[in-house]
Amino acid sequence: MPDESDTVPKSPEAELIAVRREKLARLRELGVDPFGGRFETDHEINDLRVNFEEGKKVRIAGRITAHRDMGKSHFFDVSDFRGRIQCYLNAKALGEEQIEIFSQLDLGDWIGIEGETFNTKVGEPTVKTEAFKVLSKSLRPMPDKYHGLADKETRYRQRYLDLMSNEGSRDIFLKRSLMVNEIRSFLQQRGFIEVETPMLQDVPGGAAAQPFETFHNALDMPLYMRIAPELFLKRLLVGGMTRVFELNRNFRNEGISRRHNPEFTMLEAYWAYADFEAMADLVEEMVCGMAEKFCGGLEIEHRNGAGEVTRTINLKRPWKRAPYRDLIKGVAGEDWFEISPEERCGKCSGLGVEISADMEDYEITQQVFEKLVEEHTFDPLYVTHVPKELVPLAKQNTADDSLVDVYELIINGQEISPGYSELNDPDVQRQRLEQQAGGETQKVDEEFLLALEHGMPPAGGIGVGIDRLVMMLTGAESIRDVVLFPQLKRSAGED
RNA sequence: GCGCGGGUAGCUCAGCUGGUAGAGCAGUUGGCUUUUAACCAAUUGGUCCUGGGUUCGAGUCCCAGUCCGCGUACCA
C-alpha cells in the first residue's frame, strides 16, 4: 500500500481523518477491535443520571462527546440520544496499557464503561471507570461541541450530526415519538383499532392534491402514492370496523415549504354513529391531554433562537367554535354574503387579499378566510358550517344544504385537523364527486361508491396533520424541524 | 415557478469604501490527579459554493449557474 501521507496533498479534513485512521490502526496493533461488539449495559445513561446514587456498580455505553484531560485524570462525557453522564478515569488505576488504548479515542467514538458511581467535589454525578471497551471508532470529526451544528442544510441532509450535537433537535424527535405513542394509546383506549390501508392506489382519492405516479411492472399498470387513506378507511366502516384509525404517511406532489413536505404523517380516524361535533370533542381531549403530558400545561410558548417568547398558544377548554360565515363577516363586513360576486371581488383589494380572475365565487370567500382568519388564528378555533363545495365527502347540513356538517380546526395559524359528519348516501356521494370531478382531472373511485352502496354506517371522521400538531406543541418553526429526513433537492455531487 | 437573503478552516463565526485571509472550538505537541464551553504554552490547517467578467489587483464589484433559507404561487 503506498504511503499517501507523502504523495497526496491533503485537505485539512483529510488530515483530521488520517489522524483518526492512524489511531484506528494503532488500536488494532494493541489487539483491540475498534468496532467492538456486544456490550451488556445495566443502566440507561439518562436514567442513571436522573436517579443517581453513589457507590453503585454500573455498566453504561455511549458516545464520547467531551474530554477534559488533566494529565493523570481524565473527565469525559458519554452521551446518547436521551442524555449524558460524566465519566472519570484515573491513569494510575487503569494501568499503562489501558491508557494507551484510551488515548487512541476521540470525540465521537462509542465506548462501553464499567465502573462505580460517585459525586465529584462540585457535585457532578460521575462514573469512575474501572474498565472500558471500545465499541466504535468514529473516523470523522464531530460538530462544534458547544455551538452544535448550525448549518441548516447539513442538519437536514446529515440528521445524525444534528442529533448527536443539538439537544433541542433530540428533544423534538423524542417528544414526537412519545406524542405519536400517546395518540395511539388514546385511541386504542377508546376502542379504535389501528389498520394499514394501501399507499399504492389505483385511484388516488380522499383529497384533491397532485399524486406521485409510479408503475407496477408485473401488473403492467400505473399506480399512485396515496394522497389520503380516507376512501379505504370508509370501506372498513362498511365492513363493520366501527372505530378505526390509521396513522401513517400521505404523499402529495405539491410545493415544498415551511409547512409542506411531500410526504407527511396523517392520522385519520372514523367513529361509527358519531358526528363532526363528537369528533371535535375527541380531538380537543386528545390534544389537551398531549399538551399536559408533554408541554407542562395548556399554555404553549413558542420561542425564537434567542429564547424569547414569540407566541403563546392557549389551549384552555372549551375551544371556540364559530360558523364560517360569521368569521368571514367579522373580517370582510356584515354584508359580504348579500353583495354581488363582482362586489366581493372588488372588495378584496381593499382587504389586502389577492385573488385571481379564474376563481369561483366560493374560492374568493375561501381566500378571504385563509388570509384574514386562518393565518391570524393561533388559539384553537373550530370553524363550522363550511360551504359544501369545499368538502365533497361530508354530509350536507339538514337546515341549509349549501353547507356541510364539518369542522376545520385552526391552531397556530394553520389547519391542524378537519372533522366531518361523513357522507354515507351513495347516490349523493356519486353526485358530489362527479360535480367535483367535472373541473378536475380526478377519476371517481367506483370501487368506493360500490362499497357505499353496501351501506356505510353514519360516522364522524377526522384527519390530524401530525407534523403540524408536533410543530404547534414543540414550537418548531418549520416542518423540516419535526421530520427526521425532510425532502431536499439533490445536492451538487450526488447523482 | 417568481422575488429577496445566504454559502469563508472539520465545526461556530469575523473579514470596512477592492490591496493578497482571521478568531474560538476540534486536531497535533508539551504541562497539570476532582474538571465540566476545564485551564496554560506552542502549533498544523483555506478550491473564500462553481464558472465567467471588470480591474494592476476580487472573499469583497458585475453576470450566469448551483444548493440552502425566507416570502409568494400551487396544496378543495
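In what follows, chains are A, B, ... by sequence order, proteins preceding strands, each numbered from 1.
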Handout entry: Rounded P spacing from B/U47 to B/U34 in Å
Key = 41 Å
Exercise for the section: Find the partner of B/U47: check Watson-Crick (N1-N3 plus N6-O4 or O6-N4) and G-U wobble (N1-O2, O6-N3) distances, both under 3.5 Å, and reply none if neither fits. Expected result: none
Exercise for the section: Measure from CZ on A/Arg140 to C1' on B/A26 and round the result to the nearest Å. Expected result: 15 Å
Exercise for the section: Would you indicate, yes or no, if B/C67 has its OP1 or OP2 atom less than 4.0 angstrom from a side-chain nitrogen or oxygen of A/Lys489? Expected result: yes
Practice task
Considering only atom P, compute the distance from B/G51 to B/C13 and round it to an integer number of Å.
Solution key: 25 Å
Practice task
Provide the Watson-Crick or G-U wobble partner of B/C25, both distances under 3.5 Å; none if there is no partner.
Solution key: B/G10
Completion exercise
From CD of A/Glu124 across to P of B/A38 the rounded distance in Å is 12 Å
Completion exercise
To the nearest 0.5 Å, atom CG of A/Leu409 lies from atom CZ of A/Arg321 at 9.5 Å
Practice task
Please say whether the positively charged group of A/Arg176, taken as NZ for Lys or CZ for Arg, lies over the ring of A/Phe173, i.e. under 6.0 angstrom from the six-membered ring centre and within 45 degrees of the axis.
Solution key: no
Problem - Selection from B/U33, B/U34, B/C11 that lies nearest to any side-chain heavy atom of A/Lys121 - result: B/U34
Exercise for the section: Using a 4.5 Å cut-off on heavy atoms from C-beta on, say whether the side chain of A/Leu390 contacts that of A/Val404. Expected result: no
Handout entry: Check: A/Leu223 main-chain N/O paired with A/Thr214 side-chain donor or acceptor under 3.5 Å
Key = no
Practice task
Identify which nucleotide among B/C11, B/U35, B/U12 has an atom closest to any side-chain atom of A/Pro143, counting heavy atoms from C-beta outward.
Solution key: B/C11
Exercise for the section: Start with the C-alpha gap between A/Tyr88 and A/Phe75, add the side-chain angles, then the distance that decides, and say whether ring-ring contact (aromatic ring centres under 6.0 Å, His included) holds. Expected result: CA-CA 5 Å; A/Tyr88 168 79; A/Phe75 292 90; 5.0 Å; yes
Handout entry: Closest-nucleotide ordering on RNA chain B, the 5'-leading residue of A/Ser478 and A/Tyr362
Key = A/Ser478
Handout entry: Under 3.5 Å donor-acceptor pair, A/His147 side-chain atoms to B/C11 base atoms
Key = no
Practice task
Considering just the side-chain nitrogens and oxygens of A/Lys128, establish if one lies under 4.0 Å of OP1 or OP2 belonging to B/U33.
Solution key: no
Handout entry: First encountered from the 5' end of RNA chain B, between A/Arg259 and A/Asp151
Key = A/Asp151
Completion exercise
Separation of B/U72 atom P from A/Arg258 atom CZ, nearest Å, is 8 Å
Handout entry: Counter-base of B/G59, judged by Watson-Crick or G-U geometry with both distances under 3.5 Å
Key = none
Problem - Rounded P spacing from B/C61 to B/C11 in Å - result: 24 Å
Exercise for the section: Please examine the side chains of A/Asp109 and A/Arg20, heavy atoms only from C-beta on, and report whether any two atoms are closer than 4.5 Å. Expected result: yes
Practice task
Taking atom C1' in both B/U20 and B/U72, compute the distance separating them and give it to the nearest angstrom.
Solution key: 42 Å
Completion exercise
As its Watson-Crick or G-U partner within any shown strand, both distances under 3.5 Å, B/U35 has none
Problem - Base-pairing mate for B/G71 - Watson-Crick or G-U, with both contacts under 3.5 Å - result: B/C2
Problem - Proximity to the side chain of A/Glu153 - top-ranked nucleotide from B/C67, B/U36, B/G10 - result: B/C67
Practice task
For A/Ile17, report the nucleic acid contact type (base, sugar-phosphate, nothing); a contact means any heavy atom under 4.0 Å.
Solution key: nothing
Practice task
Check every strand shown and say whether A/Glu13 touches a base, only sugar-phosphate, or nothing at a heavy-atom separation below 4.0 Å.
Solution key: sugar-phosphate
Practice task
Would you indicate what A/Leu16 reaches in the nucleic acid, counting non-hydrogen atoms under 4.0 angstrom: base, sugar-phosphate, or nothing?
Solution key: base
Practice task
Looking at every strand, decide which applies to A/Tyr88 at a 4.0 Å heavy-atom threshold: base, sugar-phosphate, or nothing.
Solution key: base
Handout entry: Selection: residues 64-73 of chain A, any non-hydrogen atom under 4.0 Å of RNA chain B
Key = A/Arg68, A/Asp69, A/Met70, A/Gly71, A/Lys72, A/Ser73
Practice task
Can you establish whether the number of heavy atoms outside A/Glu254 located under 6.0 Å from its atom CD is more than 12?
Solution key: yes
Problem - Base B/G10 paired with A/Asp144 side chain (donor-acceptor, <3.5 Å) - result: no
Problem - Whole-Å C1' distance, B/U54 and B/U12 - result: 34 Å
Handout entry: cation_pi(A/Arg170, A/Phe81) dist<6.0 Å, angle<=45
Key = no
Problem - Atom C1', compared across B/U33 and B/U28: separation rounded to whole Å - result: 24 Å
Problem - Between B/G1 (P) and A/Asn253 (CG): distance, integer Å - result: 13 Å
Practice task
Mind calculating the distance between CZ (A/Arg155) and P (B/G6) to the nearest angstrom?
Solution key: 21 Å
Problem - B/U17 to B/A58 separation - C1' atoms, rounded to the nearest Å - result: 14 Å
Practice task
Using whole Å, report how far CD of A/Gln366 lies from P of B/C74.
Solution key: 12 Å
Practice task
Measure the shortest side-chain to side-chain distance between A/Gln366 and A/Glu389 over non-hydrogen atoms and say whether it is less than 4.5 angstrom.
Solution key: no
Problem - Selected nucleotide, minimal atom distance to A/Arg157 side chain, candidates B/A76, B/A26, B/C68 - result: B/C68
Problem - Between A/Phe132 and A/Phe76, ring centroids under 6.0 Å - result: no
Exercise for the section: Could you tell me whether the phosphate oxygens of B/G5, OP1 or OP2, come under 4.0 Å of any side-chain nitrogen or oxygen in A/Lys152? Expected result: no
Exercise for the section: Please check the phosphate of B/C25 (OP1 and OP2 only) for any side-chain N or O of A/Lys145 closer than 4.0 Å. Expected result: no
Exercise for the section: Write down the distance separating the P atoms in B/C63 and B/G5, rounded off to the nearest Å. Expected result: 11 Å
Problem - A/Arg252 CZ to B/C75 P, straight-line distance once rounded to whole Å - result: 11 Å
Practice task
Answer yes or no: does a side-chain N or O of A/Arg468 lie under 4.0 Å from OP1 or OP2 of B/C75?
Solution key: no
Exercise for the section: Indicate, with a heavy-atom threshold strictly under 4.0 Å, whether A/Lys23 touches base, sugar-phosphate, or nothing. Expected result: sugar-phosphate
Problem - Side chain proximity check, A/Val368 to A/Lys347, heavy atoms < 4.5 angstrom - result: no
Handout entry: Interatomic distance, A/Ile416 CD1 vs B/C75 P [rounded to whole Å]
Key = 20 Å
Exercise for the section: With heavy atoms under 4.0 Å as the rule, sort A/Phe118 into base, sugar-phosphate or nothing. Expected result: base
Exercise for the section: Tell me the partner of B/U54, counting only Watson-Crick (N1-N3 plus N6-O4 or O6-N4) or G-U wobble (N1-O2 and O6-N3) with both under 3.5 Å; none if nothing fits. Expected result: none
Handout entry: Polar pair under 3.5 Å, donor/acceptor by atom type, side chain A/Glu15, base B/U44
Key = no
